[in-house]
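Fair warning: this is a prediction, and the values are worked out from it, not measured in the lab.
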Amino acid sequence: QVQLVESGGGMVQSGDSLRLSCAASGLAFSTYAMGWFRQAPGKEREFLARISYNGGITNIEDSVKGRFTISRDNSKNTVYLDMNSLKPEDTAVYYCAADHSSRTTAEIIDSTSYIYWGQGTVVTVSS
């Protein structure tokens with residue numbers, strides 16, 4: 001069974017930092033591109049970041065570029081999202097996802113491109 005398990009969420013203040021982790025099992029992790037998405041109340045799930053299977057290529061959504069960084073450690077089957085200078089508008093459920101295909105730039109940000117999803121971890125940023 002494929003499992004993606006996010007952790008590291010919590011309640012923080014504006015300006016704080018968090019590291020989210022996503023631990024994968026049941027798949028050949030090093031052959032999958034990994035992505036991070038978030039979903040705020042009443043909003044669609046939105047793309048945040050993607051990292052290629054070997055970590056060589058990253059894609060970051062413009063609104064969080066410079067604050068958020070995606071990385072992976074294939075020896076630990078784990079992908080990370082480092083979030084700095086958090087804002088109240090970052091409050092959401094954060095999900096990791098896995099994709100086994102090469103993608104165009106349009107496909108990279110499309111949630112339907114990803115075949116495995118975690119259950120999410122909640123991030124709440126207070127002002």
Side-chain angles (χ1 to χ4, degrees):
Q1 291 289 323
V2 173
Q3 278 196 307
L4 305 177
V5 181
E6 301 96 337
S7 61
M11 179 173 285
V12 297
Q13 295 180 336
S14 294
D16 285 352
S17 299
L18 279 176
R19 166 171 268 199
L20 305 184
S21 299
C22 174
S25 60
L27 77 170
F29 180 76
S30 64
T31 71
Y32 283 79
M34 300 295 297
W36 285 97
F37 291 73
R38 69 184 179 190
Q39 190 163 19
K43 298 186 67 176
E44 293 288 321
R45 191 166 297 188
E46 65 174 339
F47 169 81
L48 294 174
R50 176 182 170 105
I51 187 165
S52 63
Y53 71 98
N54 63 355
I57 302 171
T58 60
N59 302 87
I60 309 294
E61 197 274 325
D62 285 342
S63 68
V64 300
K65 188 174 294 184
R67 297 193 299 122
F68 289 14
T69 302
I70 189 169
S71 61
R72 68 191 296 160
D73 186 343
N74 284 351
S75 72
K76 297 181 178 180
N77 286 2
T78 301
V79 62
Y80 304 98
L81 185 68
D82 290 299
M83 306 184 295
N84 299 316
S85 301
L86 285 163
K87 307 172 182 179
E89 51 262 47
D90 295 319
T91 296
V93 181
Y94 284 70
Y95 299 91
C96 68
D99 178 19
H100 207 246
S101 296
S102 298
R103 300 292 186 184
T104 66
T105 53
E107 290 172 333
I108 281 170
I109 67 171
D110 185 349
S111 64
T112 65
S113 297
Y114 299 80
I115 57 176
Y116 300 117
W117 291 84
Q119 295 300 304
T121 186
V122 177
V123 173
T124 303
V125 185
S126 61
S127 60

Derivation of the side chain to side chain contact (heavy atoms under 4.5 Å, CB included) call for T91 and V123: CA-CA 5 Å; T91 296; V123 173; 5.9 Å; no
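- Checking side-chain atoms of R67 against main-chain N and O of S85 turns up a donor-acceptor pair under 3.5 Å.
- If you take CZ on R72 and OG on S52, they are separated by 7.0 Å, rounding to the nearest 0.5 Å.
- There is a path of hydrophobic side-chain contacts, each under 4.5 Å, that joins I115 to V2.
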Worked check of side chain to side chain contact (heavy atoms under 4.5 Å, CB included) between T124 and V12: CA-CA 6 Å; T124 303; V12 297; over 6 Å; no
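- A cation-pi arrangement is present between R45 and Y95 under the rule of less than 6.0 angstrom and at most 45 degrees off the ring axis.
- A 6.0 Å sphere centred on CD1 of I57 holds no more than 12 heavy atoms belonging to other residues, nucleotides or ligands.
- Other residues, nucleotides and ligands place no more than 12 heavy atoms under 6.0 Å from the CD atom of Q119.
- Put simply, OH on Y53 and OG on S101 are 13.5 Å apart, with the number rounded to the nearest 0.5 Å.
- No donor-acceptor pair closer than 3.5 Å links the side chain of E61 to the backbone N or O of K65.
- With hydrophobic clusters built from ILVMFWY side chains whose heavy atoms lie under 4.5 angstrom apart, Y116 does not share a cluster with V5.
- A distance-only check finds a donor-acceptor pair linking the side chain of T121 to the backbone of G9 [under 3.5 Å].
- Rounding to the nearest 0.5 angstrom, the gap separating the OG atom in S113 from the CD1 atom in I108 is 8.5 Å.
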Side chain to side chain contact (heavy atoms under 4.5 Å, CB included) assessment of I60 paired with L48: CA-CA 6 Å; I60 309 294; L48 294 174; over 6 Å; no
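- Neither L81 nor F47 shares a network with the other; the hydrophobic side chains, linked directly or stepwise wherever heavy atoms of I, L, V, M, F, W or Y lie under 4.5 Å apart, form separate groups for each.
- Rounding to the nearest 0.5 angstrom, the gap separating the CG atom in D110 from the OG1 atom in T105 is 11.5 Å.
- Shown here for V93 and G120, the closest heavy-atom pair between the two residues is CG1-CA, 3.9 Å.
- Shortest non-hydrogen contact noted between C22 and L4 is SG-CB, 3.9 Å.
- Hydrophobic clustering of Ile, Leu, Val, Met, Phe, Trp and Tyr side chains at less than 4.5 Å, counting indirect connections, keeps I109 apart from I70.
- When the ring pair (Phe, Tyr, Trp, His ring centres under 6.0 Å) test is applied to Y114, the partners found at least two apart in sequence or on another chain are F37.
- Pairs engaging residues 8-19 under the side-chain hydrogen bond (donor to acceptor under 3.5 Å, both in side chains) rule: S17-N84, R19-D82 [sequence neighbours left out].
- Around the OH atom of Y80, the shell of radius 6.0 Å holds more than 12 heavy atoms that belong to other residues, nucleotides or ligands.
- Sorted by first and then second residue, the side-chain hydrogen bond (donor to acceptor under 3.5 Å, both in side chains) pairs involving residues 22-38 (not counting sequence neighbours) are T31-H100, R38-E46, R38-D90, R38-Y94.
- Under the 3.5 Å distance criterion, the side-chain polar atoms of E6 are matched with a main-chain donor or acceptor of C96.
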Derivation and outcome, side chain to side chain contact (heavy atoms under 4.5 Å, CB included), residues M34 and D99: CA-CA 6 Å; M34 300 295 297; D99 178 19; over 6 Å; no
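- No more than 12 heavy atoms of other residues, nucleotides or ligands sit less than 6.0 Å from atom CD of Q3.
- Formation of a donor-acceptor pair under 3.5 Å by the T78 side chain with backbone atoms of K76 is found in this model.
- Residue G8 comes nearest to L18 through the heavy atom pair O-CD2, 3.6 Å, listed as atom of the first residue, atom of the second, then distance.
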